[in-house]
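Please read the structure below before turning to the comments.
Letters A, B, ... mirror the listed sequences (proteins, then strands); counts begin at 1. Predicted, not measured: the structure shown is a model, and the values here were computed from it.
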Number of protein chains: 2
Amino acid sequence: MKAFQSYKNPSLAVDLVVFGYHENELSVLLLNRNAEPFANTWVLPGAFVQMDETFLQTCSRVLQTKLGMDNVYLEQLYSFDNPDRDPRGRAISVAYYALVNPHKFTVTAGQMANDVVWFPVKKIPALGFDHKEIFKMALQRLQSKILYMPIGFELLDELFTMTELHELYECILDITIDRRNFRRKILDSEYIINTGTKRDGLQNRHPDLYRFNKKLKKNQFQLSVGI
Amino acid sequence: MKAFQSYKNPSLAVDLVVFGYHENELSVLLLNRNAEPFANTWVLPGAFVQMDETFLQTCSRVLQTKLGMDNVYLEQLYSFDNPDRDPRGRAISVAYYALVNPHKFTVTAGQMANDVVWFPVKKIPALGFDHKEIFKMALQRLQSKILYMPIGFELLDELFTMTELHELYECILDITIDRRNFRRKILDSEYIINTGTKRDGLQNRHPDLYRFNKKLKKNQFQLSVGI
DNA sequence: ACAAAAGTGTTTACTGTACACCCATGG
DNA sequence: CCATGGGTGTACAGTAAACACTTTTGT
């Protein structure tokens, strides 16, 4: 059987929407490009897929070499194929989104970028390529996914309080959720486990600390949202 | 700005999971390959993406030239990147699924295939490449999507009865749904419109004919399933 | 003892679920 | 007039939504 190298193939890249949560704000990592095209423009981090790499390996390479991150939650989002999306020629982008805890990493600009900055999702600047479209789809996906899959904890520390989880949900969904109904729903789902320890050093009553229930079956969770 | 043609890029193909509904059975179109690799093996229809084609254009090309279909519902499913998925070399597959009404088309084998056949989703044979995995994901996607997006009518004639829609849902979800609760739920959602006409020529009471409500806002629809 | 945040419980409204009856048609 | 499938309605149960009170801590 012969290999097929006769065809010309589009370039293939992976682009990443890296979400981080900090101080009651959901943010996305953007790079400021220092090369054409879109020099001095903010874009999503990404890289071309090497012949021997899976998409996830390309993602890891970007996260490690450009952002100093490893071991983060990754999920494929969509593949973007507009023929005009890259002025250099035909290029496909397979978009992934990542959920990271910004406390664990310090981002620094790599060789391709002037700067690497967390931007709150409500203050995203103009982006190069079709990256605004990719970002919007990623945010929508995160908002719908968090309602039926236990992924919120990926953005928090290993131990967290109910209030922290509650505020995370309000922030991501951009709505207010009744504190008491949220608590009941989350606890009924066994999404999280009370560790028995408490966070102290605060001014008021010390809240219980929870951790994610790793034994949770994936579909065991369904949060309904009322405003 | 220079173009980037220095890199070697993976082959890029589109593969299609074409769903059709007929006689209370959900089926998928499969080709029997007549060339290596996987000669005489059933596979999903697909084609390599040309440099000037969007994914959807590639899908249309496959549907038209290989299957004689046009104007069908298409949605991107996922991109498959296992390095070993094609023995000829590195090949990415961007999978789409399609919903068609088999009454409208007659499938005939093209030059690449010995045969083109509708297989009931419960009787899918062994498939070449990673196509079984693609099929399984497509079926899951269809099953979850049909609960909150009005796409079921894509598989039916323009005018249909409530019973036909009801049976379609039972068939796709592989469960039984109470006839009367289904009816109320669907009508409340304004998913469909009663045309005022009836289907006659049947043995019993002539059922009302409905058509899809094209003015329906996309998110206005949510079907809960009980067994 | 006061303020502020955390933990707990109750009532109401709604939506899903189960189920029964009547209606229209062809044979 | 009977069998069969189609159309309509109702009672019950479970879940979501709105809401109030008590507890714990630091100052």
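If you take CD of B:Glu167 and C1' of D:dG6, they are 12 Å apart, rounded to a whole angstrom. Put simply, CG on B:Asp188 is 9 Å from P on C:dT15, counting in whole angstrom units. Rounded to whole Å, the distance from CG on A:Asp178 to C1' on C:dA6 is 14 Å. Rounded to a whole Å, the CD1 atom of B:Ile186 is 15 Å from the P atom of D:dT8. Rounding to whole angstrom units, CG of residue A:Leu209 and P of C:dA6 are separated by 12 Å. Between A:Asp208 atom CG and D:dT23 atom P there is a gap of 16 Å when expressed in whole angstrom units.
No donor-acceptor pair closer than 3.5 Å links the side chain of A:Asp157 to the backbone N or O of A:Leu159.
Using a 4.0 Å cut-off, some side-chain N or O of A:Arg183 falls inside it from OP1 or OP2 of C:dG7. For D:dT23, the OP1/OP2 oxygens have no side-chain nitrogen or oxygen of A:His206 closer than 4.0 Å.
Checked by distance alone, B:Arg179 brings no side-chain donor or acceptor within 3.5 Å of a matching partner on the base of C:dA18. Side-chain atoms of A:Arg184 and base atoms of C:dG7 include no donor and acceptor less than 3.5 Å apart.
Comparing C:dG16, C:dT25, D:dC19 by their nearest atom to the side chain of B:Lys185 picks out C:dG16.
Across A:Leu168 and A:Gly152, no two heavy atoms sit closer than the pair CD2-O, 3.2 Å.
Against DNA chain D, the stretch residues 194-205 of chain B makes heavy-atom approaches under 4.0 Å through B:Asn204, B:Arg205.
A side chain to side chain contact (heavy atoms under 4.5 Å, CB included) with B:Tyr96 is found for exactly one of B:Leu77, B:Thr58, B:Leu56, namely B:Leu56.
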Distance-only donor-acceptor hits, side chain of residues 119-140 of chain B, under 3.5 Å, sequence neighbours excluded:
| residue | atom | partner | partner atom | Å |
| --- | --- | --- | --- | --- |
| B:Lys122 | NZ | B:Asp174 | OD1 | 3.0 |
| B:Lys122 | NZ | B:Asp174 | OD2 | 3.1 |
| B:Asp130 | OD1 | B:Arg85 | NE | 3.2 |
| B:Asp130 | OD1 | B:Arg85 | NH2 | 3.0 |
| B:Asp130 | OD2 | B:Arg85 | NE | 2.8 |
| B:His131 | ND1 | B:Leu44 | N | 3.0 |
| B:His131 | NE2 | B:Asp15 | OD2 | 3.4 |
| B:Lys132 | NZ | B:Ile124 | O | 3.1 |
| B:Lys132 | NZ | B:Pro125 | O | 3.0 |

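Within the structure, every pair that satisfies the salt bridge (charged side-chain N to carboxylate O under 4.0 Å, His left out) test and touches residues 195-208 of chain B, not counting sequence neighbours, is listed here: B:Glu164-B:Arg199, B:Lys198-B:Asp208.
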